[in-house]
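Working notes for the structure below.
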There are 2 protein chains.
Amino acid sequence: MDNSNLGSSDRLLLAAINLISERGYNGVTTQEIATAAGLSEKTLFRHFGTKQKLLEAAFDRYHYAEEMKKLFKEKLVWDLETDLLTVCRTYHEIMNRNRKMIQISLKDEVQLPGFKERTQQHPLQLLEILTNYFIAMGEQGKMIRTNPEMQAFAFMMAHFGAFINDLDAGKNYPHIKLEPFMQESVRIFARALTP
Amino acid sequence: MDNSNLGSSDRLLLAAINLISERGYNGVTTQEIATAAGLSEKTLFRHFGTKQKLLEAAFDRYHYAEEMKKLFKEKLVWDLETDLLTVCRTYHEIMNRNRKMIQISLKDEVQLPGFKERTQQHPLQLLEILTNYFIAMGEQGKMIRTNPEMQAFAFMMAHFGAFINDLDAGKNYPHIKLEPFMQESVRIFARALTP
DNA sequence: TGATGATGTCAGTAAGTACTGACAGTCAGA
DNA sequence: TCTGACTGTCAGTACTTACTGACATCATCA
């Protein structure tokens, strides 16, 4: 990765995220991070003071939140199959942007207060939005009215599972691709939930 | 945990699995493992030689495989809803037994050849079995015949996601319990896949 | 030119940690 | 009672690693 156009802090942050997401916090040395950033270890400490603060800075800078609600409100067209596809496309998009942070949070040897909570904010938000959407669809007679939250949860879990499964560059099930999976899962849920 | 009835090796293995699954390989010292086992560090090295070999021994001893196929062949009754419930119950059972090993494998700082592969053997097996089951059900006219592998994959991913989500003692969605989730997911897939 | 700010080099400290050797204690079984 | 297997203690080695201080370099800009 050539980040020579970026400032030193940014290069260090990116290198830290890359390495830590692959090998874990304790599996990477400050020396390695600095070298990967094309800088000296001394510079790393001049910028961030400690290794822990480097990770905190990376965390503050590269997490994306709050965009979920907006994305949904603007895009839904109140057709179950269409909307489910939008939802899971958006979901995978956001999860992919946060991929490395989620990987770090999964490994999670570090004791960063609020680290896990913040990376897991998105799924929680999505569950709430999707549940409300299912309820509204039920009231419009476009969906069966049985167990909206659990159904939303099941839909989410299917895509969460697929995302986690794909974290290591999709090595588990190499013949299964994301796009057809999204389409089939939407078909299944649409058929099951349509009155 | 009181394992005073077990032999020294077993106590060390159990302590290692517990600690490493929580904090990662590099996050735990041999001293801590020995203390947690109620033994001295020296004894740990007398038994296993190196920290790495301790983990390998734990891995060899506490992974469960090969039982999936048997379990299924004996239990299926060729009714979609019943069988799906059996499948996902068995799945969660096996995943839970392997819980700590899967956690270690997720953190995965260690370079154990074949470690990930072996912990991920079960899902692969299950996908194959479930796909063949879907095909057979289709031939019997008890299921729609469209995309059996992807449908099996979607069902698996839903439960894989739910399992991973539950790994940290179910802290993410505390109000959602496993059993009702299993039932609802089975209902969804049964409704979607029945002709 | 000279000052400033960011960086590199290098030597070094302090702590942690995997791992060893020597020696002693305990306890079951012959 | 003797033996042998197992364990603990303790001191210590060798290596790694987060982090620091002193000093040099270099580009920019007034």
Side-chain angles (χ1 to χ4, degrees), chain A residues 1-61 104 107-113 115, chain B residues 1-61 104 107-113 115:
Chain A
M1 200 174 3
D2 180 25
N3 294 313
S4 47
N5 52 329
L6 295 174
S8 296
S9 285
D10 291 309
R11 277 151 65 194
L12 287 164
L13 289 173
L14 280 179
I17 291 174
N18 282 327
L19 288 174
I20 295 177
S21 70
E22 281 167 19
R23 314 219 298 267
Y25 182 79
N26 293 312
V28 175
T29 69
T30 49
Q31 170 64 44
E32 285 175 300
I33 296 173
T35 303
L39 295 165
S40 73
E41 199 186 4
K42 185 76 207 184
T43 303
L44 185 156
F45 283 104
R46 273 199 270 254
H47 277 263
F48 298 101
T50 69
K51 187 186 180 186
Q52 171 94 3
K53 281 184 186 157
L54 167 64
L55 179 60
E56 283 170 23
F59 180 55
D60 284 340
R61 194 158 198 296
I104 295 177
K107 295 193 202 298
D108 167 65
E109 315 140 338
V110 205
Q111 294 300 30
L112 280 189
F115 196 118
Chain B
M1 200 177 1
D2 179 27
N3 293 314
S4 46
N5 52 329
L6 294 175
S8 297
S9 285
D10 292 308
R11 277 150 68 193
L12 287 165
L13 289 173
L14 279 179
I17 290 175
N18 282 328
L19 289 173
I20 295 177
S21 71
E22 282 166 19
R23 313 218 300 268
Y25 183 79
N26 292 313
V28 175
T29 69
T30 50
Q31 170 66 45
E32 284 175 299
I33 296 173
T35 304
L39 296 165
S40 73
E41 199 186 5
K42 185 74 206 181
T43 301
L44 185 156
F45 283 104
R46 272 199 270 252
H47 276 263
F48 297 101
T50 70
K51 188 186 181 187
Q52 170 94 4
K53 280 184 186 157
L54 168 63
L55 178 60
E56 282 170 24
F59 181 54
D60 282 340
R61 194 158 196 299
I104 295 177
K107 296 192 202 299
D108 160 66
E109 314 140 338
V110 204
Q111 293 298 29
L112 279 189
F115 196 116

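Letters go in sequence order (proteins before strands), and every chain restarts at 1.
A close approach under 4.0 Å does not occur between any side-chain nitrogen or oxygen of A:Ser40 and OP1 or OP2 of C:dT7. Between A:His47 and C:dA6 there is no side-chain N or O to OP1 or OP2 distance below 4.0 Å. For B:Thr43 and D:dG8, the shortest distance from a side-chain N or O to OP1 or OP2 is below 4.0 Å.
For the pair A:Tyr25 (side chain) and A:Gln52 (backbone), a donor-acceptor distance under 3.5 Å is present.
Residues satisfying the side chain to side chain contact (heavy atoms under 4.5 Å, CB included) criterion with B:Phe48, sequence neighbours excluded, are B:Ser9, B:Leu12, B:Leu13, B:Leu54, B:Ala57.
Remark: the A:Arg46 side chain and the C:dG5 base include no donor-acceptor N/O pair separated by less than 3.5 Å.
Remark: P of D:dT17 and CZ of A:Phe45 are 12 Å apart, rounded to the nearest angstrom. For the pair B:Glu41 CD and D:dC6 P, the computed distance is 20 Å after rounding to whole Å. Across the protein-nucleic acid pair, B:Tyr25 atom OH and C:dT17 atom C1' stand 12 Å apart, rounded to whole Å. Going from atom CD of A:Gln31 over to atom C1' of D:dT20 covers 15 Å, rounded to whole Å. Rounded to whole Å, atom P of C:dC19 lies 10 Å from atom CG of B:Leu54. For the pair B:Asp10 CG and D:dT7 P, the interatomic distance rounds to 11 Å; values are reported in whole Å. Across the protein-nucleic acid pair, A:Ile33 atom CD1 and D:dT17 atom C1' stand 12 Å apart, rounded to whole Å. The distance between atom CD1 of B:Ile20 and atom P of C:dT17, rounded to the nearest whole Å, is 14 Å.
Both A:Val28 and A:Lys42 lie close to DNA chain D; mapped to their nearest nucleotides by heavy-atom distance, the more 5′-ward contact belongs to A:Val28.
Put simply, CD on B:Glu22 and CD1 on B:Ile104 are 10.0 Å apart, with the number rounded to the nearest 0.5 Å.
Of the candidates B:Thr30, B:Thr29, B:Thr35, B:Thr30 is the only one forming a side chain to side chain contact (heavy atoms under 4.5 Å, CB included) with B:Glu41.
Candidate nucleotides C:dT7, D:dA18, D:dT7 were compared by shortest atom distance to the side chain of B:Leu39, and D:dT7 ranks first.
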